[in-house]
Number of protein chains: 2
Amino acid sequence: MNQEKNYRMTHQREMILEVVQKNHSHLTADEIYDRVRKKLPRISMGTVYRNLDILASCGFIKKLQPGYAQMRFDGNTRDHYHVVCMRCGKIGDAQIEPLDNTLENLENALGNLTSYGIFGHNLEFVGLCPNCMELEKDLPDDQQTNQLMMEVTEDGSQRKPN
Amino acid sequence: MNQEKNYRMTHQREMILEVVQKNHSHLTADEIYDRVRKKLPRISMGTVYRNLDILASCGFIKKLQPGYAQMRFDGNTRDHYHVVCMRCGKIGDAQIEPLDNTLENLENALGNLTSYGIFGHNLEFVGLCPNCMELEKDLPDDQQTNQLMMEVTEDGSQRKPN
DNA sequence: TAGGTTATTAGGAATGATTACTATTATAAA
DNA sequence: TTTATAATAGTAATCATTCCTAATAACCTA
């Protein structure tokens, strides 16, 4: 199924892919598990997670994961955006003014298109902190950050670092 | 310390607030725990979490939490933004074109201001799904969503729903 | 088509952040 | 002070996700 790695197409993997592709509702892993289990009752949760990872790394599906795993706390209560390190999760301040006008217009436009009630937005920038940029230099090519981008940015936007 | 609720100012709460305010590095709960423990060695993790919540709800600090708790998976691999329900976590598609030009310029600008290497961005809209909007009507005023906004949007942007 | 290599699986245990519970203690108002 | 009750320490529980391992199944090659 993939050129680079010797992946094999198993029934489990096939079913998981089918479930994700046929659903437009951004299922969680356990929702996928429940659905696949109707066809393959003995499948395990570990199999579901492993295959979702593999399918995402092959570009067949997309993993939506929170920008950071742990809560963090900020003594600065003024409105400001953040930069999140995609390797270590460290958060820095983005010295950029909030895009209130641009995004409020966008929120209004979106409000007319969706059945959701729109209250606000989250914008964060994704990158590498100085420390992780250093470490990166010692890694083999296939572990370099640009290889990992697809899994990290929510919207798949991807470009060379500044 | 607060007008609405009968909060009391304890040594623990005071120390936690001080640690968060004196650090500009967006500490995690366990980093705060470690630092506070140097002054109050018997403090417990539960106390740290509870106080961080209370301090955030009073507006003294800001809680940075991921937009959604669980990973989700999308069969649609085209670039697109999402709307996240702030009550149930359900994710919908935002029928809005990616802001590639606007935000790429912003990423470039930011790249010159920060020590991070910038690779991309995440933008998500926050709101209420149709189902939760219905449920909302039955809630007492102090549990209505607009009361909860400060805790939800990353940058604190806040407005009436569309 | 069979056999062998090894990727993949099921099942269960482990992890790690966060929340919940409870008897005891400390705060602040009268 | 006294008193009501908010807050605490310590511990147990939760829950999504990852890790581990012996057994199984895909797929390449003869």
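In what follows, chains carry the letters A, B, and so on, assigned in the order in which the sequence lines appear, proteins first and then strands, with residues in each chain numbered from 1.
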Aromatic plane relationship, B:His80 with A:His26 - under 30° parallel, 30 to 60° tilted, over 60° perpendicular: tilted
Check the angle between the aromatic planes of B:His121 and B:Tyr81 and answer parallel, tilted or perpendicular using the 30° and 60° thresholds. tilted
Separation of atom CE in B:Met71 from atom P in C:dG16, rounded to whole Å: 15 Å
Is a donor-acceptor pair below 3.5 Å formed from side chain A:Arg8 to base C:dT6, judging by atom type as modelled? yes
DNA chain D: 5'-proximal contact among B:Gln70 and B:Pro41 (nearest heavy atom): B:Pro41
Would you tell me if any nitrogen or oxygen in the side chain of B:Tyr49 comes within less than 4.0 Å of OP1 or OP2 on C:dT19? no
The helix from C:dT1-D:dA30 to C:dA30-D:dT1: angle between terminal helix axes, five bp per end, to the nearest 10 degrees, reads 40°
Both A:Arg50 and B:Gly46 contact DNA chain D. Which one's nearest nucleotide lies toward the 5' end? B:Gly46
Counting N and O atoms only, with roles assigned by atom type, does the side chain of B:Thr114 sit under 3.5 Å from a partner on the main chain of B:Tyr116, one being a donor and the other an acceptor? yes
Picking from D:dA16, C:dT8, D:dA9, which would you name as closest to the side chain of B:Arg42? D:dA9
Residue A:Gln12, side-chain atoms from C-beta onward, closest of C:dA10, C:dT27, C:dA28: C:dA10
Report the C-alpha separation of B:Arg50 and B:Asp53 in whole Å, then their side-chain angles, then the decisive distance to 0.1 Å, and conclude whether the salt bridge (charged side-chain N to carboxylate O under 4.0 Å, His left out) test is met. CA-CA 5 Å; B:Arg50 185 167 12 79; B:Asp53 263 352; over 6 Å; no
Round to the nearest Å and state the distance from B:Ile32 atom CD1 to C:dT18 atom P. 10 Å
